[in-house]
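What follows is a set of notes on a single structure, which appears directly below.
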Number of protein chains: 2
Amino acid sequence: METTKCFYIGAMDRLVHPDLKDVSLAAALHALADPVRLDIVAKLVECPCLNASTACAQGTPKSTISNHLNVLRAAGLIETSVEGRERINRLRCTDFDARFPGLLATVLANKA
Amino acid sequence: METTKCFYIGAMDRLVHPDLKDVSLAAALHALADPVRLDIVAKLVECPCLNASTACAQGTPKSTISNHLNVLRAAGLIETSVEGRERINRLRCTDFDARFPGLLATVLANKA
DNA sequence: TTCCATAGTTCGGGAATGTTGAACTATCCT
DNA sequence: AGGATAGTTCAACATTCCCGAACTATGGAA
């Protein structure tokens with residue numbers, strides 16, 4: 001067998017967290033421009049640590065949650081760390097606010 | 001002929017401008033989450049009146065511009081009025097800011 | 001008035017994205 | 001080991017986006 005099946009490259013152990021300077025404003029807004037992701041972010045303000053199952057309304061498919069968390073992570077909005085068999089997600093408030101001053105606060109303030 | 005061919009219903013003469021209370025935060029962010037549309041909005045701050053051709057970088061296809069302006073209009077960000085054979089687009093700053101206080105200003109401030 | 005140039009919309013099809021069930025990896029607990 | 005839990009990846013389908021071509025509409029020139 002000459003090729004190895006490579007599941008989970010850089011995923012299970014090495015989650016990629018971008019440098020905020022590589023995140024464009026459009027990408028940041030895109031990440032926030034979705035009701036499900038807005039809810040996740042708002043929830044993370046209340047409970048600073050959420051795993052995938054608790055991040056979304058129950059009933060949301062696992063793969064969908066995984067996708068949304070990927071988008072948020074790629075936009076520099078959350079960081080994910082592996083904790084046993086779960087992944088803990090936290091907001092990257094400081095980093096994000098340094099790159100886009102006031103943006104997250106304004107969005108959240110407008111998110112009734 | 002029993003049916004009339006109805007191009008331009010509510011388009012050429014009756015452009016639809018939504019009530020801002022019917023615009024969701026996600027929709028507003030989605031409208032802003034695109035480099036081309038961000039440029040249009042930023043340009044409208046400088047020159048308060050733009051037609052379709054002057055709104056975008058030259059070379060952008062007409063149908064694409066038309067689409068982007070539709071998205072911005074549907075999000076309550078711009079208003080369009082027919083002026084002779086062109087359509088003049090203006091920002092709905094006041095309306096938008098009443099619905100989403102500070103959002104437009106913060107986004108534009110971050111769009112350096 | 002007829003013709004032409006300009007301004008922008010609508011349509012259609014291909015490209016790019018988003019969604020989600022199924023299969024999989026990984027870890028913890030008996 | 002075996003099972004339960006947590007989440008990722010894949011693949012297929014669905015939705016959205018992009019843009020050329022055809023069209024409507026208006027204004028001005030011949």
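A, B, ... follow the sequence lines: proteins, then strands. Residue 1 opens every chain.
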Query raised in the report: Between Leu15(A) (CG) and dT9(D) (C1'), how many Å, whole number?
Result: 14 Å
Query raised in the report: Under the side-chain contact (heavy atoms from CB on, under 4.5 Å) criterion, do Val41(A) and Arg37(A) qualify, and how do the steps go?
Result: CA-CA 6 Å; Val41(A) 171; Arg37(A) 291 195 290 266; 5.5 Å; no
Query raised in the report: Between dT20(C) atom C1' and Gln58(A) atom CD, what is the distance in whole Å?
Result: 18 Å
Requested in this report: Considering just the side-chain nitrogens and oxygens of Ser53(A), establish if one lies under 4.0 Å of OP1 or OP2 belonging to dG7(D).
Outcome: yes
Query raised in the report: Got Lys111(A) and Asp39(A) here, is their nearest side-chain heavy-atom distance under 4.5 Å?
Result: yes
Report summary line: By nearest-nucleotide position on DNA chain C, the 5'-leaning member of Arg37(A) and Thr54(B) is Thr54(B)
Query raised in the report: Heavy atoms under 4.0 Å, any strand shown: does Asn70(A) hit a base, just sugar-phosphate, or nothing?
Result: nothing
Query raised in the report: Do Asn89(B) and Arg73(B) have side chains that get closer than 4.5 Å, going by heavy atoms?
Result: yes
Report summary line: Which of dC18(D), dG7(D), dT19(C) is nearest the side chain of Ala52(A)? It is dG7(D)
Query - Chi angles and distances behind the side-chain contact (heavy atoms from CB on, under 4.5 Å) call for Leu104(A), Leu77(A) - result: CA-CA 9 Å; Leu104(A) 186 53; Leu77(A) 274 159; 4.1 Å; yes
Query raised in the report: Of Glu86(A) and Ser63(A), whose closest DNA chain D nucleotide lies nearer the 5' terminus?
Result: Glu86(A)
Query raised in the report: OP1 or OP2 of dT9(C) less than 4.0 angstrom from a side-chain nitrogen or oxygen of Ser66(B), does that happen here?
Result: yes
Report task. To the nearest Å, give me how far apart CD1 (Ile65(A)) and P (dG18(C)) are. Result -> 17 Å
Report task. Grab the NZ-P distance between Lys62(A) and dG21(C) for me, whole Å please. Result -> 11 Å
**Report entry** First encountered from the 5' end of DNA chain C, between Asn89(B) and Glu83(A)
**Finding:** Asn89(B)
**Report entry** Test side-chain hydrogen bond (donor to acceptor under 3.5 Å, both in side chains) applied to Ser81(B) and Arg90(B), His17(B), Arg87(B), the passing residue
**Finding:** Arg90(B)
**Report entry** side-chain N/O His30(B) vs dC17(D) OP1/OP2, d < 4.0 Å
**Finding:** yes
**Report entry** Nearest-angstrom distance from the residue atom CG of Asn67(A) to C1' of dA6(D)
**Finding:** 16 Å
Query raised in the report: Looking at dC28(C), dG8(C), dG20(D), which one has an atom nearest to any side-chain atom of Arg85(A)?
Result: dC28(C)
Query raised in the report: Distance check: side-chain N/O of Thr64(B) vs OP1/OP2 of dC19(D), anything under 4.0 Å?
Result: yes
